[in-house]
Structures are given as C-alpha cells and as structure tokens.
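Report on one structure; see the data block that follows.
The sequence lines fix the lettering, A, B, ..., with proteins before strands; numbering per chain opens at 1. Note: hydrogens, waters and symmetry copies are ignored here, and every other heavy atom, side chains too, is used.
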2 protein chains.
Amino acid sequence: MIENDVFKALGDPTRRAIFEKLAGGAMNGSALRDGMAISQPAMSQHMSVLRAARLVREERQGRFVVYEVDPEGLALILGWLQKYRSYWPGRVEALRNMLKDMDQ
Amino acid sequence: MIENDVFKALGDPTRRAIFEKLAGGAMNGSALRDGMAISQPAMSQHMSVLRAARLVREERQGRFVVYEVDPEGLALILGWLQKYRSYWPGRVEALRNMLKDMDQ
DNA sequence: CCAACACATAAGCGGATACTTATGTGATTC
DNA sequence: GAATCACATAAGTATCCGCTTATGTGTTGG
C-alpha cells in the first residue's frame, strides 16, 4: 500500500525538510546534509523511506548519488485528495480550478 | 506543528478508512464503528487524532457525538502541495488515470 | 433513582520508528 | 594499490504508536 508510505514518509518533519530542500534542486547526500544537523546514516535511511514512497528518485553519478523530487509521490497525494474534492474549502478555489484545467 | 499532525494522522490505514467513511456523511461513533473491526476505545482514540489534525470536527447531540469532515485538514495538505506545484504538470496523465480508476 | 447507552480516559503491552555507532561497498584520486 | 570519499547496511536503543482491557463521565428513558 504505497499510499500509506507517502503519508508516513511526510509525517516526519526531518523528511519534509529534506524534501523541501530537494525541491529547490537536485543534489547529492552530502549537499543535502550540510546545514542540517543529521548524521550520514540517518540521511541515508530517510532517503530510503522517501524513495519507497516515490517522493524522491535517485541516480548514481560516479561516487555520488544525486537525488531529485519524484513527482509520483505528489501525484499519489493529489489522487487521494481528489476523492474529497467536494470538501475543499473556498479558500483553495484557485487550486481547484487549476486542477480542473489540468484535468481536461 | 499541525502540518505534521495531518500527515501522521493519514499515515494510518484505519484512520484513512474512517475518514473516507465520514466523507460519505456525518455520523456518530457507533455508526462509524459498525462494519469495521475496531473497538470503541480504539475508535475514540482515532477520532482524537483526526480532530487534532483538523481532519474531523465534532458536535455533541444529546448522548451522541456526531463527527464530520473538517475541510481545514485537507486545506493544510493542499497548502503544502501548492509549494511543489511546479512538479505537478508532468503527472497529469497519472492523475487522470487514477481518477478513471476511482470512477468505477 | 438506576439501568442502559455513547463516548472518553487510564494503564499496559508489543511492534514500529528514528536515531546512534560501527562497519561494509563501491568509486575516485594520488 | 592505498587512502579517501560518498553512501548503504547492521545492530542496538529509546521513544512513539496503535491496540487491548478496565474504568470513568455524561446523557437518556423506564
């Protein structure tokens, strides 16, 4: 149940911070790590969780592994949210219209 | 950090099932419970988590507590997703397919 | 009143989770 | 080819989570 993995992955503030940083541009683990008070194994484990949730994908480049946002995970959340579209509040009306545009 | 609460709340399949059932219409705890193999205290605890995440709100009616979807929680997720909307477009196709699946 | 009902809270338990230190694997550079 | 670097994996630990049973709180109706 990958839907579960996405929500669980994002249910941790450290992983959301990592994801947000990655959304600014692809980078390797060391680059991700600096500025963050997190050990190398911890980062590696978080990346593994994010990858399983399809929020992040990776590509090996020499001795580096470059991580980048995988849109698939976001699409999973969007798909889940679609089921409850009728409850979306007026404040996100613009967002709803945007999805409508994308839908056709 | 309420954003954390939303993702954590949805990172449990039982709670997503409860939420989905509630999305079909407001109801009390006992009504929620039947058809689900879940004890009364467990349900009460789940409702507490969902309420804290602003995914559900409640209203006491006599000796019943009627629960209903609180759009605020969904808005929080949408708000979070919006930060990464530049990653959405490539996935419209997947979203459409997901919608198609859900339609049947 | 009090019995029945709807729900919340307390306490305890097993498994999951996020971290740590130590070590392994693979690639690069000198 | 040895040292170094980037990352993964192993193993241990403390905390968190979701469940259970038992009990408490508040409401309704006989």
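Sequence order on DNA chain C of the closest nucleotides to A:Ala42 and A:Gln61 puts A:Ala42 first from the 5' end. Ranked by how close their nearest DNA chain D nucleotide is to the 5' end, A:Pro41 and A:Phe64 are led by A:Phe64.
Here the closest heavy-atom approach between residue B:Asp5 and residue B:Ala53 is recorded as O-CB, 3.6 Å.
Between the CD atom of B:Gln40 and the C1' atom of C:dT9 there is a distance of 10 Å, given to the nearest Å. Taking atom CZ on A:Arg51 and atom C1' on D:dT9, their separation rounds to 12 Å, with Å as the unit. Rounded to an integer number of Å, the gap from B:Ile18 CD1 to C:dC7 P is 13 Å. If you take CZ of B:Arg63 and P of C:dA8, they are 15 Å apart, rounded to a whole angstrom. One interatomic measurement links the two molecules: CE of B:Met43 to P of D:dG18, which rounds to 14 Å at whole-angstrom precision. Following rounding to the nearest Å, A:Asp12 (CG) and D:dC17 (C1') show an atom-to-atom distance of 14 Å. Straight-line distance from the CG atom of B:Asn28 to the P atom of C:dC5: 14 Å, rounded to whole Å. Taking atom CE of residue A:Met47 and atom P of nucleotide C:dT17, one finds them 18 Å apart after rounding to whole Å.
The side chain of B:Ser44 approaches C:dT9 more closely than any other nucleotide in the set C:dT9, C:dA6, C:dT20. For A:Gln45, counting side-chain heavy atoms from C-beta on, the closest listed nucleotide (D:dA6, D:dA11, D:dA8) is D:dA11. In this structure, of C:dT20, C:dT9, D:dC17, it is D:dC17 that holds the atom nearest to the side chain of B:Lys8.
Residues B:Pro13 and B:Arg16 have side chains in contact (heavy-atom distance under 4.5 Å, counting atoms from C-beta outward). With contacts defined as side-chain heavy-atom distances shorter than 4.5 Å, the pair B:Ile2/B:Glu72 does not qualify.
If you check the side chains of A:Arg85 and A:Gln82, you find a donor sitting under 3.5 Å from an acceptor.
Dashed line: the shortest gap from a side-chain N or O of A:Tyr67 to OP1 or OP2 of D:dA8 is under 4.0 Å. OP1 or OP2 of C:dT20 sits under 4.0 Å from a side-chain N or O of A:Ser39. For B:Thr14, a side-chain nitrogen or oxygen approaches OP1 or OP2 of D:dC19 to under 4.0 Å. A sub-4.0 Å separation between OP1 or OP2 of C:dA18 and a side-chain N or O of A:Arg15 is present. In terms of phosphate contacts, A:His46 brings a side-chain nitrogen or oxygen within less than 4.0 Å of OP1 or OP2 of C:dC19.
Residue A:Ser30 is in sugar-phosphate contact alone, with no base atom involved, counting any heavy-atom pair closer than 4.0 Å across all strands shown.
Rounded to the nearest 0.5 Å, atoms CG (A:Leu81) and CG (B:Leu78) are 5.0 Å apart.
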